[in-house]
Every structure is written in structure tokens, then in C-alpha cells.
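All remarks here apply to the structure that follows.
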Amino acid sequence: MILKPQNVVVPDAMHERSQALATDASALDIAISQEHPPAGVSLSAQADFPSRSVTLVLPPRRAPRRRAVRARNALASKKPLKVMKFGGTSVGDACCIEKTLEIVRGSLGDYRVLVVVSAMAGVTDLLLEAAMCAAAGDSETVARIFKSLKARHRSTANALIGSAAKRGRLNRQLKECFVEGESLCQELLLTRSLTAAARDLISSLGERLSAPLVATALTEVGVKSEAVDARECLVTDSHHGAANPSFELTRGRCERRLRPLLQKEIVPVVTGFLGATAEGALTTLGRGGSDYSASILGVVLDAQEVIIWTDVNGFLTSDPRLVAEASTIPQISYQHAAALAYFGAKVLHPKTLQPVIQRGIPVWIRNTFAPEQAGTKITLHGPHSDVSVKALAAMSDIQMIAVTVSGMEESSSVTHRAFAAVAAARSDILMTAQTRSTCELGFVVRSPLAERTMEALQMEFGSDADRRYIREIGVKNGVALVTVVGQHLRDLPGIAEQAFAVLCREKLQVIASSQGASDCNLSFVVAAEDMERTLGVLHKEFQLDGVSNFR
Ligand code: ADP
Ligand code: ASP
Ligand code: MG
């Protein structure tokens, strides 16, 4: 190393120490670093305190050090980015969080990693229960819920964080969240009304608790990490409970807030599920929305891939809780995975794939508790395969609203007006069914939307003139929707026939079906008590239980 003598001006108080340091180039390098000068050292003359000039032998300027930092940053920014989302069970307790930490740490050599976390399993449900109880005046239950949430988060923090200083800092962060939650509930106890905005504020607390917990636990295992509240970077509209992101604003915020952390190889741990309007009001993306948070952030930060870490070995051919023989699908297309999610496969939030489709970013579903398993890769085209039926999905929390018309001649105008009415009510229709013989028109909706849909139809057909030919507007409860997802379902002859034949053979009654409406999904409304057996029979019929790389 070439050493050059240089004159610097230091305060009197530093003179002796500087002379001593002058003999030690490496110490000097630290002592007068421009980035972090020790208190009192100046590289230029200052008039406001007594100072003396000393000649120091310095390593050549600061350039090599800055160059090294820049080179390190450049290298870091060349590392591809993985966005990893960890669901509720993956952060459910200290043992689960340890698995999560291991996965993140193990990926850091070759990748930059951005973590998105859900609330600890069950916490969002409890927070919503607390909010509803508060609005109903039940202060005892509210207190009990907060007591248990505090105990759970504190004991997890204590199990994971050894350093007293870090634990103290974390506990202060957790306390702030609890204070906010409890005072929000106090307000609800007084006002007795739960607005959508207040619901969002309370239900988001779970993620705002888990993010600092996971970030601190990462630092404890030697990974540089920082918790980030998604209000700082994920901008949405003001549709509380199901907010839509603004990609443009989110991209700008992420470049400012998250990119610098990633470049410094600090792992941001971002709260899933929530965001904020441009004006700063907290919003949520909908239940299970952390998956969606991960894909939004993956797109705006140009991630190489998004990985949804959960508690099963990938996207399976059916919900394993309902079909024990369900097997992992190694690869599946965005279209088929999105259809399965839309029709009830809880493993993925239905909107998750929307942002990544245009960019072609692969999304993986992997098991936090079995990271050696490859999981499922979701891509634009999926596997090259002739297999028609890929998987099944099911939903039990649905209702079918049926409009019965008495005169054949009126039915086409009824159809037209009924569709317009449910569209105006923003009711998301999963399936419609129409029979000419009985003049019945059925709308299948998720249960929370049933009341709204029913009201819209009753308003539309409430006049005396209409009552002459609308025989009934009724709700069919106790039904479930089973959906077959695959390719060429309409165009290939035989798939629907095969499904109907086996259900008939097994004496499983189909109440309504969407046959012929789509090439990629075929839905059946069945009695709720038949749902599990219908799934099992179809799963076997379409041979979905053998693990196949060609599915
Ligand atoms: P997380 O908390 O990790 O977000 P979720 O509970 O939201 O996890 O989703 C995972 C669950 O989704 C699984 O435990 C499984 O029971 C359920 N599930 C439903 N359908 C499927 C499917 N086709 N493949 C895999 N899991 C499914
Ligand atoms: N914690 C939220 C929920 O339970 C979001 C999520 O887990 O993805 O819905
Ligand atoms: Mg989920």
C-alpha cells in the first residue's frame, strides 16, 4: 500500500491521540474516515475551537474504501431477488419461526431476499373477534383476547431473542401495537360501530406484530434485517377490506424505502396483508392477502421469483384436509392455479397471480417444514402435458340464490334485469345456472355476499307488476361448490360426461353445473354434506392421486 503524508487540522484535544495514531495507518483509516469521523476530528480548519495542524501518514485518500463499498453494492445489486412470503403457520410459534429463519439465512449467499410475513396463525381471527366483541359491548372478551395475544407474542420473543437489549427494543415495539389495538377497541366499546376502516386497523395488527418479531429474530441469527410497515411502501385505493394496489406509486415508494436496504444486503421484513392509501389511511387487501402483498412487491422490485412458504408440499391436486390422497403438482400454469385459487384452494390468495402474469415471474408454493421438497412451480405455460384434469377445488361457504319466474315469455327480460341488478350490487358471482323448463335462474355467491345479492334482486323485482310473474326469490343454503380444473374441458369430448357418470353411479346428486361455460373449469353445486365424497370420487376417477411430472 502506498502511504502519503498529509496535513490535517484537528482540535487541540485530539492532537496527542492523532500523533499516536499517525504511526498506525489502519487505525488512522478508521480515525479520520470521512464517513464516520470520530467526534472532534476535522479534515479542514475550523475557527470555533482551538486547533492545531498535524502531519499524518495516511493511506491513499478514501477512494479504495469507497470503491470497495461500491463494488460490494454493485455485486449485491446483481444478485437476483427472491421475495419470500411466510404464512401464519410458518411464523406460528418460536419453533416454526426458527425454520423460517433457516430458510432465509440459507438463501442469502446467492440471492437478495425480501421477506413478507403474515400474522402468527390464528391472530387475525382473534383480532377481528376482539373488534366485533368491542362493537357489541363485550369488554371482557376483548380483554381476554388481548391478554392471550400479549402472552403469545412475548413468550415467542423471549424464546427467540437472547440479547436483552434487542428483546427490550422488540418488546417496546410490540407494546406500541397492543396499546394501539386496545385503545381502538376502547373507542369501539364507546361508539358501538365497527367501520370498514377500523376493521382494517385492528385486523392489520397481527402483521405489525409479527414483522418486528421475525426481523429481530433474523438479526439474532446473524442476518442483517429491518422490519418495514407496508404502509410505507404499498399504496392502495381506499377500498377497505379488499384494497387494490397502485403499482406506479408502490414502485416509487419501494425504490425509495426497500431498494436501499436490499442493496446493503439488509433483509426487509415487510408486513403482508396491509397497505395504505396515498394519503396514509391503512387498508387491507382481503383475508389471506399476504400472498398478494408478496406478488405485488415482487413485481415492482423485479424479483426473479416469488416463493409462498406454507404448511403443505405445494399446490396439491385437492385440499389435503378433504382428500387424503391429494398429491403435489410439480408445475402448473398461472391460468389453472388462478382458477383453483378462485374456486377455493386456500393455499393461494385468488389475486396473487394477477400482477406476475405480465412479467412471467414464477411463483413457487413450498413447505416451510419440508424445505427439501421441491414444491410447485407456477409459470405462464405450465408443463407440456396432454393430461386434461389437473386438480379439484371446493368451497362450502357459499349460497345459491334462485329467481323463479312463472311465465316462459318473461324469462329473458328477467335474466337481463337480474344480471344488471347483481352487477350493480358488485356481487361477485361464482357461477350462474339457468333452466328453461322451470324458468329458474340461480346465482352462486360466497356467503358474505348473499345478503347483498338477495337485496339487489328483491329491489329489482319488488314492484306490483313484477310480482305477478316472479314466483319466488329464494336462497338455497347447505350447498357446496366443487370445481374440476384442467385444459380443454369443453372441447375434449367426454370429460363432463365422465364426471356426471361417476357422480350418478355413486348416487351423488348434482344440483346445478356450469358445464360448457369454460374450457378450464367445470363446477358442480352439490349438497354440503356430499362435498367431501364428491371430491374423493372425482379425484379417483381422474386419477389425480399418482404423483406425476407430466400433469
Ligand atoms: P398460510 O397460513 O401459509 O397462508 P393457508 O392456510 O392460507 O396457509 O393455506 C394453506 C392451506 O391451504 C393448506 O394447509 C391446505 O389445507 C389448504 N389447501 C386448500 N386447497 C389446497 C391445495 N389445492 N393445495 C394445497 N393446499 C390447499
Ligand atoms: N393474516 C391475514 C389473514 O389471516 C393475512 C394472511 O394471512 O395472508 O387473513
Ligand atoms: Mg394463506
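As the structure lists them, so they are numbered: ligands from 1, and atoms in each ligand from 1.
In terms of polar-atom proximity, defined here as any N/O pair under 3.5 Å, K85 makes no such contact with ligand 2.
Counting only heavy atoms of the protein, atom 4 (O) of ligand 2 lies nearest to R287 NH2, 3.0 Å. Protein heavy atom at the shortest distance from atom 15 (C) of ligand 1 is D319 OD1, 3.6 Å. Looking from atom 23 (N) of ligand 1 to the surrounding protein, the closest heavy atom is L316 O, 3.0 Å. Taking atom 13 (C) of ligand 1 as the reference point, the nearest protein heavy-atom neighbour is D311 OD1, 3.5 Å. In terms of protein heavy atoms, atom 25 (C) of ligand 1 is closest to G314 O, 3.4 Å. Among protein heavy atoms, the minimum distance from atom 26 (N) of ligand 1 is reached at V347 CB, 3.5 Å. The protein non-hydrogen atom at the shortest distance from atom 7 (O) of ligand 2 is S118 OG, 3.2 Å. In terms of protein heavy-atom proximity, atom 6 (C) of ligand 2 is closest to S290 OG, 3.3 Å.
Between the T328 side chain and the P330 main chain, no donor and acceptor come within less than 3.5 Å of each other. The backbone N or O of V267 lies less than 3.5 Å from a partner atom in the side chain of S225, making a donor-acceptor pair. When atom types are taken as modelled, the side chain of R152 and the backbone of G92 share a donor-acceptor pair closer than 3.5 angstrom.
Counting atoms of ligand 1 from 1 in the listed order, those under 4.0 Å from a heavy atom of V312 are 13 (C), 14 (O), 25 (C), 26 (N). Interface atoms of ligand 1 facing G88, defined by a heavy-atom separation under 4.0 Å, are 1 (P), 2 (O). Interface atoms of ligand 1 facing T310, defined by a heavy-atom separation under 4.0 Å, are 1 (P), 3 (O), 8 (O), 10 (C). Near S318, meaning under 4.0 Å from one of its heavy atoms, ligand 1 places the atoms 22 (C), 23 (N).
Counting heavy atoms under 4.0 Å from ligand 1, residue K346 touches it through both backbone and side chain. Within the 4.0 Å heavy-atom criterion, the part of K85 lying near ligand 1 is the side chain and not the backbone.
At least one heavy atom of G288 sits under 4.0 Å from some atom of ligand 2. At least one heavy atom of G289 sits closer than 4.0 Å to an atom of ligand 2.
Side-chain contact of T141 with E129: a donor-acceptor pair under 3.5 Å is absent, judged by distance alone.
The aromatic rings of F524 and F500 sit perpendicular to each other, their planes meeting at more than 60°, with 30° as the lower class boundary. Using cut-offs of 30° and 60° for the angle between ring planes, the Y292 and H349 rings count as parallel.
For R199, the CZ atom sits in a loose shell: 12 or fewer heavy atoms of surrounding residues, nucleotides or ligands are nearer than 6.0 Å. Annotation: K476, atom NZ; neighbour count of heavy atoms from other residues, nucleotides and ligands within 6.0 Å does not exceed 12. With a 6.0 Å radius and a threshold of 12 heavy atoms from other residues, nucleotides or ligands, R192 has its CZ atom above the threshold.
Relative to the ring axis of Y342, R446 places its NZ or CZ within 45° and under 6.0 Å from the centre.
Within the set H349, E207, M120, the minimum heavy-atom distance to atom 5 (C) of ligand 2 is found for E207.
Using a 4.5 Å heavy-atom threshold, the side chains of S203 and T284 count as touching.
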